[in-house]
Amino acid sequence: MYFLYVVRILDIYDYVAALNSSDELFVDVHTDAVENNVPIMDRDALEVMKHYIHLTGTRHILEIGTAIGYSALHMLSVHPGVSVVTLEKNEDSHRAAEANFEKYNVTDRVKPILGDAADTLHKEIADRTFDMLFIDASKGNNQKFFEMYSPFIKQGGLILVDNFLLRGMVVDRHIQSKNRRKMQARVDAFNQHIASSEMFSSFLPVGDGLLVISKNKEVKNR
Ligand SMILES: C[S@@+](CC[C@H](N)C(=O)[O-])C[C@H]1O[C@@H](n2cnc3c(N)ncnc32)[C@H](O)[C@@H]1O
């Protein structure tokens, strides 16, 4: 009975994931990521994020975790007025992202920055206000990235965080590795912090878990 229940839930997840996904716009970048084990956002979560960008008329986005530019290209595709500042600490990934931005002719709308987002607050960011923050880097640093970068998001803006489910690890009670347990604890602590805060937030079970937070003046009823 329990087995059938689990199978049904997995079927539901797959069904919804397929409905939320659409034809890939950047096939070569997606293929490159898959073939070279570059971790990129799941297609269904990406489409949900793009829907939020569209719904809210978001234009100026700050991304933590560029990788090879896949999610940035998708965010830019929502509207010609969208611009992205994106931070990446791995030099090879940063260079690959630059090449992809050139290939798709978006260099005038995207500013890729090479550097450790947990270390230094780049001047390009400190001088500006963004409509949306997208956190998609080292998951154990979610809290730190949130504290460091949410002050640069306008009131009423959005903060999105990918992978709050850690591929299921966040609820795994049998983790052996100390490092993995530490990561689980840190991600869970951040999730709980947001859930118990006064900010409106939604933990969406799409992709690997997409957390959507509103940076609002109003607080939710508790
Ligand atoms: C999940 S990938 C980003 C995927 C990308 N957003 C996409 O969906 O196409 C995470 C990236 O964050 C980068 N990263 C991890 N910690 C970082 C840090 N402290 N500062 C900047 N980049 C970081 C990693 O090198 C990796 O390329």
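Just so you know, these numbers come straight off a predicted model, no measurement behind them. One-based numbering, in listed order, for ligands and for the atoms of each.
Not a single N or O atom of Ser93, backbone or side chain, sits closer than 3.5 Å to an N or O atom of ligand 1. Checking only distances, Gly69 never comes within under 3.5 Å of ligand 1, N or O to N or O. Below 3.5 Å of separation, one finds an N or O of Ala117 facing an N or O of ligand 1. Any N or O atom pair closer than 3.5 Å counts here, and Lys139 shares no such pair with ligand 1. Polar contact with ligand 1: present for Gly65 (N/O pair, distance under 3.5 Å). Considering backbone and side-chain atoms together, Lys89 places an N or O closer than 3.5 Å to an N or O of ligand 1.
Listed here is the closest heavy atom pair of Leu211 and Phe164: N-CD2, 3.6 Å.
Counting heavy atoms under 4.0 Å from ligand 1, residue Phe26 does not touch it at all. Contacts with ligand 1 closer than 4.0 Å are made by backbone heavy atoms (N, CA, C, O) of Thr66 only, the side chain lying farther away.
Numbered from 1 in the order shown, with element, the atoms of ligand 1 that lie under 4.0 Å from a heavy atom of Asp116 read 18 (C), 19 (N), 20 (N). Within the listing of ligand 1, atoms 20 (N), 21 (C) sit less than 4.0 angstrom from a heavy atom of Gly115.
The pair Arg95-Glu91 counts as a salt bridge, with a side-chain nitrogen and a carboxylate oxygen less than 4.0 angstrom apart.
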